[in-house]
S.K.: 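One structure, pasted below without further comment.
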Amino acid sequence: MMHSSDEEYFNSLIKKPTVFKNIGCLSVTYTPPYLPHREEELRTLAKYFKTIFEEQDEPLRKICITGPTGSGKTTLAKRFGQLLENIDKNKNFLLVYINCRIYKSPYLIISTLARKLNKAIPPRGYSFEELQSLLIRLLDFYSPKVLLVLDEIDYLISRVGTDFLYTLLRISEMTTKQWISYIFIAKNLNFIHQLDASTQSSFQSNHISLDRYSETDLKDIIKSRSELAFYDSTITEDSVELIADISSKSGDARYAIEILWGAGQCADDESSPIVYPDHVRKAKALIHPEIRREVILTLTLHQKLILLAIIRKLKHTKNAYISTNDAISSYRLACEEYEEEPRRHTQIWSYLKELSKQDVISTKISGEGMRGKTTLISIPDISVETIELFLMKSIENQKKTVEHAEK
Ligand SMILES: Nc1ncnc2c1ncn2[C@@H]1O[C@H](COP(=O)(O)OP(=O)(O)OP(=O)(O)O)[C@@H](O)[C@H]1O
Ligand SMILES: [Mg+2]
């Protein structure tokens with residue numbers, strides 16, 4: 001039974017006043033209904049895909065959205081998808097969004113798409129070729145048109161090469177009735193350099209390039225997001241300006257929104273009814289612009305453990321770089337702590353490579369002054385405290401889900 005003072009404490013916790021009206025509106029998965037400074041681009045998409053609603057068969061349509069981190073690529077595509085779904089009363093088309101960082105292989109992507117068309121298809125058990133012809137048959141039977149959004153396609157291509165892109169485009173050509181249209185999202189157009197000239201030029205001509213946000217853009221974005229997330233007049237104009245100023249160095253709206261979220265949390269922690277610039281400063285000190293929380297969530301358990309190990313070692317030694325051997329011995333300790341069997345050397349190397357590809361860590365070969373050549377590991381800009389906590393929580397959650405699934 002709960003003791004009455006425990007009950008009072010619990011009550012005071014859940015009834016604690018808060019500046020947040022709807023904190024979910026600041027989460028990474030939330031798509032806001034209004035995107036300041038992306039209105040033009042939304043219209044370009046609408047004009048380009050308006051044929052989706054026309055009866056006659058249209059040739060394959062594909063468009064590429066590029067721009068730096070936090071410039072709103074994913075959000076733009078998702079918002080466009082929502083708008084299409086809202087006006088598509090007759091269910092003329094199906095939008096499928098796939099993030100290639102999560103669905104890391106062509107097989108997973110094709111099977112996810114096939115399963116969107118027919119839920120009865122098992123996730124495994126087909127060869128890639130079988131899956132491809134199954135998808136073509138499904139598309140021929142399927143009446144709505146398909147708009148496939150492939151986010152972070154540059155990441156997939158850096159892993160598996162360009163063949164998959166041709167396979168995808170060919171699938172569209174092999175169906176007799178149904179076309180798939182595509183929105184490809186990437187940081188820049190570098191990934192098309194390995195493609196043949198005609199495919200390259202088709203990518204270049206249908207291309208929306210987003211710039212990083214300016215300070216005034218960010219101010220409008222922060223304002224519109226705080227109206228959704230905070231109670232009226234709980235954030236001062238100064239605080240909004242300070243967040244815009246801090247995040248304008250990178251022009252990254254994600255960073256701006258993370259600080260906004262953190263500043264609200266700080267105000268709540270201090271039981272302040274208003275978010276002041278001081279809360280923004282505290283939030284800034286805790287939030288790390290380089291490592292993206294979504295990226296951490298997509299890592300496997302052992303990739304998280306090795307990252308945790310690197311962070312701890314960097315923190316402990318206070319050096320900018322640590323050697324791979326140090327990282328590995330620290331990883332073994334982390335495995336012990338979480339009661340996990342450490343992976344072998346070659347596996348660890350492949351985790352390190354993967355983390356480096358995802359820009360979570362950076363590596364370089366040691367120069368003069370060290371015995372032999374060794375790979376040195378660093379984390380860009382180490383204000384590692386919050387990342388460590390976030391990682392630990394994420395590892396614990398992952399272990400819980402695994403244990404739950406095994407029961
Ligand atoms: N114009 C905008 N209005 C409101 N919120 C925005 C706007 N642009 C971006 N955001 C928010 O900023 C964050 C980052 O945007 P988004 O994920 O779309 O960036 P991205 O370009 O896909 O970045 P990355 O290259 O890292 O994937 C999201 O939380 C998104 O909701
Ligand atoms: Mg994105």
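Position 1 is the first residue of the sequence; numbering continues from there. One-based numbering, in listed order, for ligands and for the atoms of each.
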S.K.: When you measure from atom 6 (C) of ligand 1 to each heavy atom in Arg38, Arg225, Glu39, Lys187, which option holds the nearest one?
M.R.: Arg225

S.K.: Taking atom types as modelled and ignoring hydrogens, do the side chains of Asp252 and Thr69 form a donor-acceptor contact shorter than 3.5 angstrom?
M.R.: no

S.K.: Looking at ligand 1, is there an atom of it that comes within less than 4.0 Å of some heavy atom belonging to His37?
M.R.: no

S.K.: Decide whether an N or O pair under 3.5 Å exists between Ser27 and ligand 1.
M.R.: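 No - when backbone and side-chain N and O of Ser27 are compared with those of ligand 1, no distance drops under 3.5 Å.
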
S.K.: Could you establish whether Ala256 and ligand 1 come within less than 4.0 Å of each other, counting only heavy atoms on the residue side?
M.R.: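 So Ala256 does not count as touching ligand 1.
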
S.K.: Of the backbone atoms (N, CA, C, O) and the side-chain heavy atoms from C-beta on, which set of Thr75 has a member under 4.0 Å from an atom of ligand 1: side chain, backbone, both, or neither?
M.R.: both

S.K.: How about CD on Glu336, more than 12 heavy atoms from neighbouring residues, nucleotides or ligands closer than 6.0 Å, or not?
M.R.: no

S.K.: Using a plain distance cutoff, I'd like to know if Gly67 has any nitrogen or oxygen under 3.5 Å from a nitrogen or oxygen of ligand 1.
M.R.: no

S.K.: Can we call the ring centroids of Phe203 and Phe184 under 6.0 Å apart?
M.R.: yes

S.K.: Does Thr74 put an N, O or S atom under 2.8 Å from the Mg ion (ligand 2)?
M.R.: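 Looking at Thr74, which is the residue asked about, there is an N, O or S atom under 2.8 Å from the Mg ion (ligand 2).
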
S.K.: To check you understand the geometry: which heavy-atom pair defines the closest contact between Asn99 and Glu152, and what is its length?
M.R.: ND2-OE2, 3.7 Å

S.K.: Are any of the heavy atoms in Val28 under 4.0 Å away from ligand 1?
M.R.: no

S.K.: Can a non-hydrogen atom of Ser224 be found less than 4.0 Å from any atom of ligand 1?
M.R.: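 No heavy atom of Ser224 comes that close to ligand 1.
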
S.K.: Do Phe49 and Phe80 have ring centres separated by under 6.0 Å?
M.R.: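 Yes.
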
S.K.: Please could you name the atoms of ligand 1 that Arg254 approaches to less than 4.0 Å, counting only its heavy atoms?
M.R.: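 Here the atoms of ligand 1 in question are 12 (O), 13 (C), 14 (C), 17 (O), 19 (O), 23 (O), 24 (P), 26 (O), 27 (O).
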
S.K.: Ignoring hydrogens, what is the shortest heavy-atom contact between Lys62 and Ser202? Give both atom names and the distance.
M.R.: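 Looks like NZ-OG, 2.9 Å.
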
S.K.: Short list, please: which atoms of ligand 1 are under 4.0 Å from a heavy atom of Tyr213?
M.R.: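 Contacts of ligand 1 toward Tyr213, numbered from 1: 1 (N), 2 (C), 7 (C), 8 (N), 9 (C).
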
S.K.: Without hydrogens or angle criteria, can the side chains of Ser239 and Thr236 be said to hold a donor-acceptor pair below 3.5 Å?
M.R.: yes

S.K.: At less than 4.0 angstrom from any non-hydrogen atom of Ala253, what atoms of ligand 1 do you find?
M.R.: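 What qualifies from ligand 1 is 9 (C), 10 (N), 12 (O).
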
S.K.: Pull out every atom of ligand 1 sitting under 4.0 Å from any heavy atom of Pro68, numbered as shown with elements.
M.R.: 21 (O)

S.K.: Can you check whether Pro32 has an N/O within less than 3.5 Å of an N/O in ligand 1?
M.R.: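 Between Pro32 and ligand 1 (N or O atoms, distance only) the closest approach is not under 3.5 Å.
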
S.K.: Examine ligand 1 and decide if any of its atoms is less than 4.0 Å from a heavy atom belonging to Ser71.
M.R.: yes

S.K.: Do you know the tightest heavy-atom contact between Lys304 and Leu299?
M.R.: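 Heavy-atom minimum between the residues: CE-O, 3.5 Å.
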
S.K.: May I ask you to list the atoms of ligand 1 that are less than 4.0 angstrom from any heavy atom of Ile257?
M.R.: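 Counting from 1, the qualifying ligand atoms are 11 (C), 12 (O).
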
S.K.: Check whether Glu130 reaches the backbone of Ser127 with its side chain - one donor and one acceptor, N or O, closer than 3.5 Å.
M.R.: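 Between the backbone of Ser127 and the side chain of Glu130 there is a qualifying donor-acceptor contact (under 3.5 Å).
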
S.K.: Answer yes or no: does atom CZ of Phe20 have more than 12 heavy-atom neighbours from other residues, nucleotides or ligands under 6.0 Å?
M.R.: yes

